[in-house]
K.L.:
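Take a look at this one; I'll ask things after.
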Amino acid sequence: MPNIKSAKKRVLITKKKNARNRADRSKVNNAIKAFNKAIDSANIEEAERLLPITMSIIDKGVTAGVLHKNAAANKKSAISKRLSDIKSGKVTVTVKKDNKTIAAEKARAAKEAREAARAEFRAKQQEKEADKAEQKKKKTKEKVEEKEEKPKKEKAPKKAKKEKAEEPPATDAE
């Protein structure tokens, strides 16, 4: 840590300028990344919309002193050439998939497969239940038909139970 007052002030000013420069450099890089992402995802209309915005941000980076003017010219030339090559058909875009996207697609496919298997299982269960219900109906119809075919046997009247005459309780006093 500096001891002299002017050196201390210089450290503070340098921190502020460093933070400002880092923010400006980040804006330039993010604008270029957004443009490249639009091209990589085969979204030409979006890339055309972003081209002038990106060039403007690169020029602001030169004004802020973050980029040298020749470096900025190279960057602007590269992005405009990339867009014009794709438009003219010199270069074809192959859509790149990152691991996260691939994993999400696999998970989605697995989920759809599970749901299809569940739906198939439910359909089989419903068929089995319908068959069971149909068989029950057939059995009950057969039983009803058998009862109708057999002559009804008249049941003999129930024999009357012998009624026991109740004797009065015997008392010892008699």
Side-chain angles (χ1 to χ4, degrees), residues 1-140:
M1 202 56 200
N3 295 328
I4 302 170
K5 187 175 182 182
S6 62
K8 290 178 183 177
K9 183 178 179 183
R10 182 58 42 204
V11 168
L12 295 176
I13 292 171
T14 305
K15 279 185 181 178
K16 286 182 186 178
K17 286 185 177 182
N18 192 335
R20 189 178 307 128
N21 288 341
R22 191 178 299 123
D24 290 341
R25 195 176 310 117
S26 177
K27 284 179 189 175
V28 170
N29 290 336
N30 287 339
I32 294 171
K33 283 179 189 175
F35 176 81
N36 287 331
K37 186 177 180 182
I39 288 181
D40 289 341
S41 64
N43 193 350
I44 304 302
E45 295 81 24
E46 180 71 11
E48 286 177 344
R49 185 186 69 79
L50 286 175
L51 182 66
I53 296 170
T54 305
M55 288 195 174
S56 172
I57 292 173
I58 291 172
D59 288 335
K60 288 178 185 175
V62 170
T63 306
V66 173
L67 286 174
H68 190 272
K69 63 181 180 177
N70 293 345
N74 288 340
K75 288 184 186 295
K76 292 186 336 187
S77 172
I79 62 175
S80 62
K81 183 177 187 315
R82 188 164 185 217
L83 181 62
S84 66
D85 284 349
I86 290 174
K87 279 181 165 180
S88 68
K90 288 182 183 177
V91 178
T92 58
V93 177
T94 56
V95 178
K96 297 177 184 175
K97 293 182 182 178
D98 59 346
N99 289 338
K100 189 175 182 181
T101 306
I102 293 169
E105 288 175 353
K106 284 183 181 178
R108 190 177 318 113
K111 184 178 179 181
E112 289 172 359
R114 283 193 306 269
E115 288 175 358
R118 285 182 189 143
E120 186 177 328
F121 179 76
R122 285 186 202 120
K124 286 182 181 178
Q125 289 294 96
Q126 289 175 348
E127 286 178 18
K128 286 181 182 179
E129 290 174 5
D131 288 343
K132 284 182 182 179
E134 201 172 301
Q135 288 175 358
K136 267 189 175 181
K137 287 181 183 178
K138 285 181 181 178
K139 286 182 181 179
T140 54

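For clarity, every value in this text was computed on a predicted model and none was experimentally measured.
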K.L.:
side-chain contact (heavy atoms from CB on, under 4.5 Å), that's the test. Do Leu50 and Ile79 meet it? Break it down for me.
P.N.:
CA-CA 10 Å; Leu50 286 175; Ile79 62 175; over 6 Å; no
K.L.:
Taking CG in Asn99 as the centre, count heavy atoms belonging to other residues, nucleotides or ligands within less than 6.0 Å. Is the count above 12?
P.N.:
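Incorrect, the count does not exceed 12.
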K.L.:
Output yes when a side-chain donor or acceptor of Ser56 lies under 3.5 Å from a complementary backbone atom of Pro52, and no otherwise.
P.N.:
no
K.L.:
Looking at Lys81 and Asp85, is any side-chain nitrogen of the basic one under 4.0 Å from a carboxylate oxygen of the acidic one?
P.N.:
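Looking at Asp85 and Lys81, the cut-off is met.
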K.L.:
Kindly indicate, with the supporting measurements, whether the criterion side-chain contact (heavy atoms from CB on, under 4.5 Å) is fulfilled by Lys5 and Lys9.
P.N.:
CA-CA 6 Å; Lys5 187 175 182 182; Lys9 183 178 179 183; 5.9 Å; no
K.L.:
Check Ala47 against Ile39 and note the closest heavy-atom contact, atom names and distance.
P.N.:
CB-CG1, 3.7 Å
K.L.:
Identify the two heavy atoms, one from Met55 and one from Lys76, that lie closest to each other, and give their separation to 0.1 Å.
P.N.:
CE-O, 3.6 Å
K.L.:
First locate atom CD of Gln125, then atom CD of Glu129, and finally report the distance between them rounded to the nearest 0.5 Å.
P.N.:
6.5 Å
K.L.:
Looking at every heavy atom in both Gly61 and Val28, which two are closest together, and how far apart are they?
P.N.:
CA-CG2, 4.2 Å
K.L.:
Could you check whether atom CD1 of Ile13 has more than 12 heavy atoms from other residues, nucleotides or ligands sitting under 6.0 Å from it?
P.N.:
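More than 12 heavy atoms, drawn from other residues, nucleotides or ligands, come within 6.0 Å of this atom.
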K.L.:
Just verifying a value: how many Å separate Lys106 NZ and Arg108 CZ, rounded to the nearest 0.5 Å?
P.N.:
13.0 Å
K.L.:
Going from NZ on Lys17 to CG on Asp24, what distance comes out if it is rounded to the nearest 0.5 angstrom?
P.N.:
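So the NZ of Lys17 and the CG of Asp24 are separated by 13.0 Å.
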K.L.:
Quick one: do Lys60 and Val62 satisfy side-chain contact (heavy atoms from CB on, under 4.5 Å)? Show the steps, please.
P.N.:
CA-CA 5 Å; Lys60 288 178 185 175; Val62 170; over 6 Å; no
K.L.:
Side chains of Arg49 and Glu45: closer than 4.5 Å at any heavy-atom pair?
P.N.:
no
K.L.:
Side chain to side chain donor-acceptor pair (under 3.5 Å): which pairs involve residues 26-38, sequence neighbours left out?
P.N.:
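Only Ser26-Asn30, Asn36-Arg82 qualify under side chain to side chain donor-acceptor pair (under 3.5 Å).
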K.L.:
Determine the minimum heavy-atom distance between Pro2 and Lys8, stating which atoms define it.
P.N.:
O-CE, 3.3 Å
K.L.:
Can you name the residues that form a salt bridge (Lys or Arg N to Asp or Glu O under 4.0 Å) with Lys75, not counting sequence neighbours?
P.N.:
none
K.L.:
So how far is it from Phe35 CZ to Ile57 CD1, rounded to the nearest 0.5 Å?
P.N.:
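Answer for the CZ-CD1 pair, Phe35 versus Ile57, is 12.5 Å.
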K.L.:
Might you point out which heavy atoms bring Asn21 and Val66 nearest each other, and give the distance in Å?
P.N.:
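Closest approach of Asn21 to Val66: O-CG2, 3.9 Å.
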